[in-house]
Amino acid sequence: MAGTLYLVPTPIGNLGDISGRAAETLACVDFIAAEDTRVTVKLLNHLGIKKPMASYHRHSAQASGQAILNRLQDGESCALVTDAGTPAISDPGEELVARCAALDIPVCAIPGPCALVTALAVSGQPTGRFTFEGFLAMNKKNRRAHLDSLRGEARTMIFYEAPHKLVATLQDLAEVLGAERPVTLCRELTKLHEEIRRTTLGEAAVWYQENAPKGEFVLVIRGAESVEAEEPTLEDGLTLVNKLREEGLSLRDAVRQAAKELGLSRNQLYDLAVDS
Ligand code: SAM
């Protein structure tokens, strides 16, 4: 019987955020697959855990992933951890989970620290409906396509960004979504210099151009105001009737068509058209 792949979230800054269950899982599995074993060994030392480790990072996902799958199929259990946060969220792991799913290898996700959820919760932006956009692409064409797809997005949008790309990203977002669009910049969450800045895209772009950004950032951007479609009135119906008549329709047919298109009462529209 295949062993289980455990997805174990690790702190995004504050070591106290490792949960009891996460630590217990790290202590119980046969081996730990880590994005960077040097980072993970520090956490294990903090927890007093000694465990065999394997490397699993983006650049060797195919080969090292296969080695992990083989061990799981041989019945070993594995905890997957990344440098910080929840594995498989903008992190190595997504592909490994998909491969486990395809091979019917059990996967168990332990809940825990995740930068996007922490940022959304503290943002003050609407949380009812949101979309996680990860990192914007560096490639110009893909970046433009991604930004264009968000022009009318009404849900709250969450982005990850590295400090050295922050200003360019804020400028591009301000250009596409508008300089006045509210944004919450969540910097160094759970760390000593945690900072939550609630402002607009335009102001943030200017601020960070003048004050070099440092640390890790999550951007939480308010969705577009949804424009309520106005209910068509009988006057709108009359305008359409006149237009249809100019195109050659009889009064009766023009009224029938206009009433149907605009969802109006045919009788009321007919009476108005006759009186006008
Ligand atoms: N899997 C991780 C998670 O669950 O959030 C995300 C990994 S992704 C490679 C790294 C990005 O997450 C950073 O560039 C930053 O945007 C965000 N991030 C991670 N830790 C953060 C923190 N303490 N404060 C703000 N942003 C953070």
Side-chain angles (χ1 to χ4, degrees), residues 12-13 35 58-59 61 82-95 98 113-191 193-232:
I12 57 170
E35 180 179 12
R58 220 176 284 285
H59 306 295
T82 52
D83 290 351
T86 299
I89 304 299
S90 282
D91 252 345
E94 180 183 356
E95 191 190 319
C114 182
L116 81 95
V117 176
T118 310
L120 177 66
V122 79
S123 69
Q125 308 287 357
T127 61
R129 296 187 69 207
F130 63 89
T131 157
F132 175 54
E133 299 296 327
F135 291 93
L136 277 179
M138 287 293 282
N139 168 290
K140 266 193 177 170
K141 200 171 148 217
N142 294 347
R143 189 176 175 92
R144 176 52 54 187
H146 189 169
L147 287 165
D148 282 343
S149 73
L150 296 172
R151 277 184 195 280
E153 178 56 68
R155 292 169 292 183
T156 298
M157 291 162 272
I158 305 169
F159 291 87
Y160 282 166
E161 196 45 289
H164 62 285
K165 297 186 204 145
L166 184 72
V167 172
T169 291
L170 288 169
Q171 286 169 341
D172 287 350
L173 287 165
E175 190 190 315
V176 174
L177 305 178
E180 295 308 312
R181 184 69 70 90
V183 58
T184 306
L185 295 111
C186 305
R187 184 174 85 86
E188 296 286 81
L189 287 163
T190 77
K191 300 185 194 175
H193 298 292
E194 173 172 309
E195 182 184 38
I196 311 299
R197 185 177 288 273
R198 299 185 181 89
T199 177
T200 62
L201 286 172
E203 280 177 9
V206 172
W207 169 266
Y208 284 110
Q209 213 164 13
E210 291 165 1
N211 303 275
K214 290 191 193 107
E216 301 196 89
F217 285 84
V218 182
L219 312 182
V220 185
I221 303 176
R222 179 83 51 94
E225 297 289 336
S226 54
V227 184
E228 288 287 317
E230 280 184 20
E231 289 287 309

Salt bridge or not for Glu188 and Arg197, using N-O below 4.0 Å?
no
Decide if atom NZ of Lys214 counts as having more than 12 heavy atoms of other residues, nucleotides or ligands within a radius under 6.0 Å.
no
If only side-chain N and O atoms count, and only distance matters, is there a donor-acceptor pair under 3.5 Å linking Glu161 with Thr169?
yes
May I ask you to check whether Tyr160 and Phe132 place their ring centers less than 6.0 Å from one another?
yes
Should [X] and [Y] count as side-chain neighbours, where that means a heavy-atom distance under 4.5 Å?
X: Thr156; Y: Thr127; result: no
X: Leu173; Y: Leu219; result: yes
X: Glu175; Y: Leu147; result: no
X: Val122; Y: Val220; result: no
X: Arg144; Y: Val176; result: yes
X: Thr199; Y: Trp207; result: no
X: Thr118; Y: Pro113; result: no

Name the orientation class of the two ring planes belonging to Phe217 and Tyr208 (parallel below 30°, tilted from 30 to 60°, perpendicular beyond 60°).
perpendicular
Verdict with reasoning, Ile196 to Leu189, per side-chain contact (heavy atoms from CB on, under 4.5 Å)
CA-CA 8 Å; Ile196 311 299; Leu189 287 163; 3.9 Å; yes
Please check: side-chain N/O of Arg143 versus main-chain N/O of Ala137, any donor-acceptor pairing under 3.5 Å?
yes
Could you give the distance from [atom1] ([X]) to [atom2] ([Y]), rounded to the nearest 0.5 Å?
X: Asp91; Y: Glu35; atom1: CG; atom2: CD; value: 5.0 Å
X: Glu153; Y: Arg222; atom1: CD; atom2: CZ; value: 14.0 Å
X: Ile221; Y: Leu150; atom1: CD1; atom2: CG; value: 8.5 Å

Begin with the C-alpha distance, continue with both residues' side-chain angles, and end with the deciding distance and a verdict on side-chain contact (heavy atoms from CB on, under 4.5 Å) for Leu170 and Leu185.
CA-CA 10 Å; Leu170 288 169; Leu185 295 111; 4.2 Å; yes
Here the pair of heavy atoms bringing Gln125 nearest to Val183 is NE2-C, 3.8 Å
